[in-house]
Trainee: 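Below is the structure I would like to discuss, written out as C-alpha cells.
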Amino acid sequence: MTSKGDLEPQVRCLRLCKSFDGTVALSDATLELVGSQIAAIIGPNGAGKTTLLNVLTGVVRPDSGRCLVNGSVTAGLALHSITKLGAARTFQDVRLIRKASALDNVMLGMPGQRGEALLGALVRVGVADEEAKNRQRSLGLLEFVGLEQSARSPAGELSYGEQKLLSLACCLATDPQVLLLDEPVAGVHPGMVPHILSRLRSLKAEGRLVVFIEHDIAAVREVADLVVVMDGGRVIASGTPSDVLSRPEILEAYVT
Amino acid sequence: MEYITGLLIVVGIYAILATSLDLLVGHAGLLSVAQAAFYGIGAYTAALLAVSHGAPAIVGILLGMVLAALASLALSVPTLRLHDDYFFIAAFAFQVIFLGILSNWMSLTQGPLGITGIPELTVAGIAISSRVRFLCVTAMFAAFAHVATDRIATSPLGRALRGIREDEEFTQALGKDTVRIKVSVICVSAALAALAGSLYAHYMSFIDPSSFTVMESILVVAMVIIGGAASRWGPLIGAAVLVMLPEGLRFLGLPTSIAANLRQIIYGSLLVLLMLLRPNGLVGRYDFER
C-alpha cells in the first residue's frame, strides 16, 4: 500500500529541547521509532507530548536538537514539505474544513493534483480524469474509516468520533508512511473506540508506522506495540505495554 | 442612450475589478485594499505606452497585466509567510506607497496633473470609436475575467483556496504549499485588475492619481461584499448596484453638496442592512461547494 520505496517508515527525535517563554516543554527528548508498528506516547498533561508532535511536523521549531522523518532532517522545512516526506498528522482539536463535505475534505488531501496549479485550473488538461480518480480513492478511504454513508455531509455536522475518523481519512489521502495522531480516541463515544483501534491495526498491517498520543490507558494497552512515557519534557520510559504499564513508579506517576 | 452605454461601460470595468478582488477576498479569504494600485498600474502602463510611445493598445494592456502581476509579488512574497492580518496591513501600505509614487514621480506620471490625450482603443485593427463598440469590448473582457475566475473557483485550485480560507494550517498539514497557492492567485487577481485599469484609461482618455486611491480600493471591497463574496455573480451585481446607486440619486435633483454626502450615508446604511439581512451578500451563499 505504501508507495515510497522499500525504506522502512521511521521517526527519530534527537535531544530535542523547546521552551515557551521560560516554560520547558521539551528537555532533551530522544525517541527512535523504526518499522511498521503502533507506538503510543503517554504522560501527564504538560509532559510535552503534543509539543513533540508539533516539532516533528514543523509546526513548532525546536530550540535545539533535530528530527528525522523517513531519513530526512525536518529542520527548516514547512509543514507541507514534511507531509511530503511521508508523515501526516491529526490535531488534538479536530481540524477539518467544517463547511465542506467529508468527501471534499479528503480530496483536499490528495497529493500532486494538476488542477491545483494555476495553468491546470485554467486550461484543465486531464483535470477531469484526475478528479474522477481522486474521488474514487477518497471514497475508498471514507469506506476504510466507515464514513462512506456521510461522504456528502458537511464535516462540521458529523459526530465527534466521526470527525476524528474523517481527519484520519484526510491524513491517509496524502499516503503517509508515518501517521502521527493526537488523541485519536479521546472524547469519542465508547462504542466507537474499538472501530478506531481496529483501523489503526489495519494501518500497521499495511506497513505504516502509527504514532499516537493518548490518555485512554485501556486503548493503549489494547492496541500499542510500544509505549513511550513522557514526563517533564523528556522520555522517561519505553517498552511493551505489559512491561511499562506494570511498573509501579509509572503507574503511580501517571496511570492512576 | 449614450448615457446608459457609458454607465454600462463603467459597470463592466468595475465588474472586472470586483471579480478580480473576489478571488482574494471571497475564495482565499485574504482581505486586500490594494486593488486600486494594480488597477492604476494597468491604467498608467496603457496610457504611457499609448501616449509617449504610440504603442498598440493590446501591447499596453498585456504589459500592464504583466507589470501588475510582478508588482503583486513585491506585496505577496514577503508577507504571506506571516499571518493574514499582516497581509492586510501590507496591502494597505502598498496602496499608500503606490499612490505616493503616482503623485510624485513627475517625470513619469506627471503627478497630479495626470495624463491627457490617451488615444481611443484599437483592437485587431478596428478602432473602438463609439461607446457601443467600447461597451462590447468591455463586456468581452469582463466575460474573460469572469470565466477565468470561475474556472479557478470550480477547480481543485479553488478547493485548495477555500481550504486556506477556512483553515490554513490544516490545509498545509495535508501537504499543500499554501504560500505558493496564494502568491499565484494574487498574481492573477492583480493582472485582471490591471486589465480593468487599461480599459478605464482608454475610455476616459484622461487619468490622474485621484482614481487610484485607497477609497477606490475600499469601494471595490464593498462591491464584493455587497454583491456576495465567493459567489458566481456576486461581484458583477455588487459592481452594478454601487455604480447605479449614485446615478439614481442624481434624478432626485438634490444639490451636489448634499448628494455627495447622501451617497456616503446610503453606502453605510446599505452595508449595515446587508450585515443584518444578508450577511453573505445579495446573492452570496459563502458555501464551500461551487
Side-chain angles (χ1 to χ4, degrees), chain A residues 53-54 57-59 78-91 93-101 103-124 127-128 130-131 134-135 152 154-156 167 169-176 180, chain B residues 23 26-29 69 72 76 80-82 144-192 229-230 280 284-290:
Chain A
L53 217 62
N54 283 339
T57 52
V59 176
L79 187 50
H80 67 90
S81 313
I82 292 172
T83 306
K84 283 177 188 144
L85 291 180
R89 71 169 295 178
T90 64
F91 292 87
D93 50 329
V94 185
R95 301 279 280 275
L96 290 165
I97 311 297
R98 311 185 68 82
K99 289 177 191 166
S101 69
L103 181 62
D104 266 334
N105 269 279
V106 182
M107 287 183 73
L108 184 60
M110 291 288 159
Q113 299 185 41
R114 262 188 287 175
E116 270 174 6
L118 207 46
L119 212 62
L122 291 171
V123 184
R124 302 260 178 111
V127 169
E130 180 189 72
E131 276 287 276
N134 283 337
R135 186 170 293 112
R152 299 275 155 204
S167 60
C170 291
C171 275
L172 290 174
T174 68
D175 195 16
L180 305 159
Chain B
L23 265 183
H27 293 285
S72 82
S76 60
L80 282 179
R81 285 176 205 286
L82 305 170
F144 167 76
H146 181 84
V147 169
T149 50
D150 202 56
R151 279 184 93 76
I152 290 175
T154 52
S155 67
L157 176 59
R159 177 170 59 221
L161 278 177
R162 291 186 290 277
I164 291 169
R165 179 185 79 197
E166 302 295 325
D167 189 339
E168 180 162 1
E169 201 177 43
F170 171 73
T171 309
Q172 256 180 328
L174 291 182
K176 304 298 160 195
D177 187 346
T178 57
V179 172
R180 183 191 61 75
I181 291 173
K182 288 193 284 186
V183 166
S184 64
V185 167
I186 291 171
C187 273
V188 174
S189 172
L192 290 176
N280 298 334
R285 293 178 303 143
Y286 213 72
D287 278 352
F288 191 84
E289 311 275 351
R290 266 299 293 267

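First the proteins, then the strands, lettered A, B, ... as listed; each starts at 1.
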Trainee: Under 4.5 Å between any side-chain heavy atoms of B/R159 and A/M110, yes or no?
Mentor: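 With C-beta onward as the side chain, the pair stays apart.
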Trainee: Can you tell me how far the CG atom of B/D167 sits from the NZ atom of A/K99, to the nearest 0.5 Å?
Mentor: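 The distance works out to 12.0 Å.
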Trainee: I'd like to know which of A/V123, A/T57, A/L122 tops the heavy-atom pair count under 4.5 Å against chain B.
Mentor: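 Top option by heavy-atom pairs under 4.5 Å: A/L122.
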Trainee: Under 3.5 Å, is there a donor-acceptor pair between the side chain of A/K84 and the main chain of B/K176?
Mentor: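 It does not hold such a pair.
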Trainee: Donor-acceptor check, side chain of A/T174 to backbone of B/L174, threshold 3.5 angstrom: yes or no?
Mentor: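 A pair under 3.5 Å: no.
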Trainee: Go through A/N134, A/L96, A/T90 and name the one with the most non-hydrogen pairs under 4.5 angstrom from chain B.
Mentor: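 Max contact count across the listed options: A/L96.
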Trainee: At their closest point, which heavy atom of B/F170 faces which heavy atom of A/F91, and how far apart are they?
Mentor: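 What the structure gives for the nearest pair is CA-CE1, 4.4 Å.
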Trainee: Name all residues meeting the side-chain hydrogen bond (donor to acceptor under 3.5 Å, both in side chains) criterion together with B/R180; count only those two or more places apart in sequence or in a different chain, and write none if there are none.
Mentor: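 For B/R180 there are no side-chain hydrogen bond (donor to acceptor under 3.5 Å, both in side chains) partners, ignoring immediate neighbours.
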Trainee: Will you find, in the side chains of B/S155 and A/R114, an N or O donor that is under 3.5 Å from an N or O acceptor?
Mentor: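 Judged by distance alone, the side chains do not pair up.
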Trainee: With heavy-atom distances below 4.5 Å as the criterion, would you say the side chains of B/P156 and A/V127 are in contact?
Mentor: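 Yes, at least one pair of side-chain atoms sits under 4.5 Å.
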Trainee: Which value, rounded to the nearest 0.5 Å, describes the distance between A/H80 atom NE2 and B/D177 atom CG?
Mentor: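 Here the rounded value is 3.5 Å.
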Trainee: Could you tell me which non-hydrogen atom of B/T171 sits nearest to which non-hydrogen atom of A/I97, and how far apart they are?
Mentor: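 Here B/T171 and A/I97 meet closest at OG1-CD1, 4.3 Å.
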Trainee: Got a salt bridge between A/R98 and B/E166, using NZ or NE/NH1/NH2 to carboxylate O under 4.0 Å?
Mentor: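 So A/R98 does not pair with B/E166 through a salt bridge.
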Trainee: So B/E169 and A/L79, do their side chains get closer than 4.5 Å, heavy atoms only?
Mentor: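 When only atoms from C-beta onward are counted, B/E169 and A/L79 do touch, with a gap below 4.5 Å.
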Trainee: With sequence neighbours excluded, what pairs up with B/S184 under the side-chain hydrogen bond (donor to acceptor under 3.5 Å, both in side chains) test?
Mentor: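 Scan of B/S184 (side-chain hydrogen bond (donor to acceptor under 3.5 Å, both in side chains), adjacent residues dropped) gives none.
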Trainee: Between A/E131, A/R124, A/M107, A/E130, who has the most heavy-atom pairs with chain B when the cutoff is under 4.5 Å?
Mentor: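 The candidate making the most pairs under 4.5 Å is A/R124.
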Trainee: Please determine whether a side-chain nitrogen of the Lys or Arg among A/R95 and B/E168 lies less than 4.0 Å from a carboxylate oxygen of the Asp or Glu.
Mentor: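 No.
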Trainee: Taking side chain as everything from C-beta outward and backbone as N, CA, C, O, which of these in B/V188 sits under 4.5 Å from a heavy atom of chain A? Side chain, backbone, both or neither.
Mentor: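 Side chain of B/V188 only, per the 4.5 Å heavy-atom cut-off to chain A.
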